[in-house]
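Quick note: numbers below take in every heavy atom, side chains included, and nothing from hydrogens, waters or symmetry partners. Order of listing sets the numbers, starting from 1, for every ligand and every atom in it.
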Amino acid sequence: MRYLRNKILAISLTSLCIFSSAAFAQNSLPRIESKNGRSALIIDGAPFSILGVQANNSSNYVSQLPLVWKAVNELKANTLEIPVAWEQIEPKEGQFDFSYVDELVKQARENNTKLVLLWFGTWKNTGPAYMPSWAKLDNKRFPRIIKKDGTLSYCHTPHSTNTLEADKKAFVALMRHLKKIDGDTNTVIMVQPQNEVGTYGSVRDYGPEAEKKFKAQVPANVLKKYNKKAGNWQEVFGENADEYFHAYSIASYINEIAAAGKKELNLPMYVNAALRDPFGNQKADSYASGGPTDNVIEMYQVAAPNIAMSAPDIYFRASATYEEVLKVYDRAGNPLFVPETGGDRDFARYFFSVMGRGAIGYAPFGLDYTGYGNYPLGNKIVTPEVLKPFREQYELLAPMMRTWAKLAYENKVFGQGEGDDRKPQYITLSKDWKVKLSYQEWHFASKEATWLKGDPVPNREVPTGGALIADLGDNTYLVTGLDVRLNFEIGDAQKGKNLILDRVEEGHFVKNAKGEEVWVFDRVWNGDQIDYGLNFNREPRILKVKLATY
Ligand code: DGJ
């Protein structure tokens with residue numbers, strides 16, 4: 001067993017403000033800021049992490065809200081993502097009804113929760129289900145895509161000015177109303193215009209209007225983005241032409257709606273993606289072609305400047321696939337945000353991978369008590385037991401949400417969820433330090449010990465672990481996690497030296513009178529508590545770890 005020297009602690013303060021957030025600027029509009037390749041969602045003037053939850057699709061009625069808040073509160077989520085349907089606010093053309101929106105915003109304030117509104121308009125999961133009847137049944141006025149073989153698709157074309165104008169009019173009315181009821185308060189922090197766009201079963205529209213545009217010259221800004229020479233879509237993009245053209249057409253349509261809405265109330269807006277295989281082993285006719293899949297994020301950036309990011313809805317259960325999605329969406333100019341992920345235990349651990357990449361937020365889908373489970377994508381039915389792993393994760397970050405968001409934006413953060421193989425993972429923190437994450441470990445032993453074989457740690461049958469780490473500077477890290485052991489190691493630049501944990505301080509965050517998050521010292525971990533590494537079980541614990549060498 002390693003012998004670790006006790007340290008005489010110079011610091012006698014019991015509380016220490018490690019990162020006081022700047023005084024919050026009430027009434028400033030939510031926005032997304034980026035610098036040095038990192039992004040932050042700024043709410044009330046300071047970085048904010050969405051510890052979110054998305055309600056079920058048909059929970060957007062006042063009658064369902066108590067069942068939604070019950071879950072939001074149990075989860076300790078700070079943000080609710082919930083639909084506002086076109087059919088609901090404009091059941092008769094030109095007549096708007098915002099009673100649901102009014103009640104929703106009022107109840108969100110009462111529940112101390114921010115809102116992300118999901119505009120289910122022309123496209124919801126690519127289809128017109130949430131269009132009002134007067135629009136979705138009138139194929140002449142609001143035409144659908146024509147497939148290559150001349151038959152009609154279920155999906156509405158992005159080339160119809162009628163549909164665009166009608167959707168835009170309703171969306172603008174919504175944003176205008178929001179400005180009236182929430183313009184000074186910012187309960188609503190983001191808006192998602194449309195939901196999972198694209199088209200299944202037809203890579204693009206082959207109708208006459210679309211054909212005309214497809215044969216025209218590719219716009220100059222697209223050429224510039226892709227560094228291509230002039231030509232029509234086929235000439236410029238070859239085998240990708242159909243999909244790229246469709247992505248451009250849909251992104252432009254959404255952009256126009258978003259721009260008009262932002263003129264009323266300038267909230268950040270994003271699109272969510274029905275994903276394709278992130279390893280690229282799928283053809284465009286087998287996924288939602290034209291949606292913001294990883295291969296056309298750039299097209300959305302150029303065609304939809306009013307859209308802040310393309311955000312992945314992640315329902316892949318396998319850890320390698322999940323991590324790959326994060327990798328391909330976490331790229332320059334595309335702030336990482338996971339607006340939907342499976343609301344089931346298997347998925348919970350990926351919270352660490354998402355937030356560890358400095359994401360602006362994360363939200364499991366369908367976690368409300370309206371009696372619906374979207375298995376096999378997510379859970380079979382929502383129960384308190386299903387909410388528990390997500391709540392336990394939010395309990396780690398909630399008390400230091402602003403501190404974490406600021407560190408993610410201005411310093412460096414790291415994190416990883418347990419992999420399906422249950423094997424240790426290594427994270428390079430800097431040239432000086434690495435950290436090993438290991439799982440299914442007894443606190444005072446190493447799994448490799450032969451005498452422990454056949455004596456597994458209980459309740460660890462499936463992967464549930466993960467850790468989050470923030471660099472505080474001065475060889476000090478803020479560390480938290482669940483069902484994981486952390487062992488810091490010497491990095492490449494310090495080869496030959498030996499690592500010693502100078503000080504491992506356990507503490508917690510409280511809010512001071514100004515609303516700032518303040519670190520409160522509880523105790524120093526030493527002896528058994530650090531001999532085999534820093535072990536986290538399901539208790540919410542936060543450590544400040546100072547590393548040194550000898
Ligand atoms: C992704 C969609 O965006 C959600 O609205 C929902 O339909 C889920 N899929 C499936 O439950």
Side-chain angles (χ1 to χ4, degrees), residues 50 52-61 64 67-68 71-72 77 79-88 104 115-131 136 154-156 190-201 250-251 254 269-278 282 286-294 300 307 309-317 321-322 325-326 329 337-348 350 354 361-383 386-387 390:
I50 292 182
V53 56
Q54 184 161 150
N56 275 301
N57 285 171
S58 308
S59 298
N60 57 320
Y61 286 85
Q64 304 306 299
L67 302 168
V68 173
V72 171
T79 305
L80 169 67
E81 300 171 0
I82 190 163
V84 175
W86 185 3
E87 66 175 359
Q88 156 178 53
L104 173 66
L115 292 171
V116 172
L117 297 185
L118 316 172
W119 172 240
F120 287 6
T122 306
W123 298 296
K124 155 58 172 100
N125 294 14
T126 77
Y130 286 83
M131 277 182 160
K136 73 178 160 196
Y154 67 95
C155 178
H156 280 71
M190 278 209 291
V191 177
Q192 177 198 290
Q194 315 301 334
N195 189 85
E196 289 200 347
V197 296
T199 308
Y200 292 102
I250 295 176
I254 298 175
M269 300 201 183
Y270 71 95
V271 288
N272 63 332
L275 299 175
R276 65 171 199 156
D277 167 34
Q282 239 183 311
S286 67
Y287 55 83
S289 171
T293 45
D294 64 89
Y300 273 75
I307 293 298
M309 64 249 176
S310 294
D313 292 349
I314 318 182
Y315 291 94
F316 296 115
R317 274 179 200 256
T321 320
Y322 203 106
V325 172
L326 295 179
Y329 275 85
F337 175 48
V338 177
E340 288 182 38
T341 193
D344 198 13
R345 183 180 61 174
D346 283 355
F347 293 91
Y350 300 132
V354 175
Y362 159 96
F365 176 84
L367 294 184
D368 64 34
Y369 283 113
T370 57
Y372 187 81
N374 69 343
Y375 184 82
L377 289 193
N379 60 71
K380 291 182 176 148
I381 195 76
V382 176
T383 62
V386 167
L387 301 188
F390 296 98

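- Close approach to Asp313 involves these atoms of ligand 1, each under 4.0 Å from a residue heavy atom: 3 (O).
- Considering Glu81, Gln192, Gln54 as possible partners of Asn272, the one that fulfils the side-chain hydrogen bond (donor to acceptor under 3.5 Å, both in side chains) test is Gln192.
- Interface atoms of ligand 1 facing Glu196, defined by a heavy-atom separation under 4.0 Å, are 1 (C), 2 (C), 3 (O).
- Among all protein heavy atoms, the one lying closest to atom 6 (C) of ligand 1 is Phe365 CZ, 3.6 Å.
- Set against the non-hydrogen atoms of Leu377, the atoms of ligand 1 under 4.0 Å away are 10 (C).
- Looking at Asp368 and Gln64, their side chains never bring a donor and an acceptor atom within 3.5 Å of each other.
- Note that the CD1 atom of Ile250 and the SG atom of Cys155 stand 6.0 Å from one another [nearest 0.5 Å].
- Checking Ser58 against Tyr372 by side-chain atom types alone, no donor-acceptor pair falls below 3.5 Å.
- Taking CG from Leu367 and CG from Asn379, the interatomic distance works out to 6.0 Å, rounded to the nearest 0.5 Å.
- Close approach to Asn195 involves these atoms of ligand 1, each under 4.0 Å from a residue heavy atom: 2 (C), 3 (O), 5 (O).
- The protein atom (non-hydrogen) at minimum distance from atom 11 (O) of ligand 1 is Asn374 ND2, 2.8 Å.
- In this structure, atom 1 (C) of ligand 1 lies nearest to the protein heavy atom Glu340 OE1, 2.9 Å.
- Using cut-offs of 30° and 60° for the angle between ring planes, the Trp86 and Trp119 rings count as tilted.
- Shortest contact from atom 7 (O) of ligand 1 to any protein heavy atom: Asn125 ND2, 2.9 Å.
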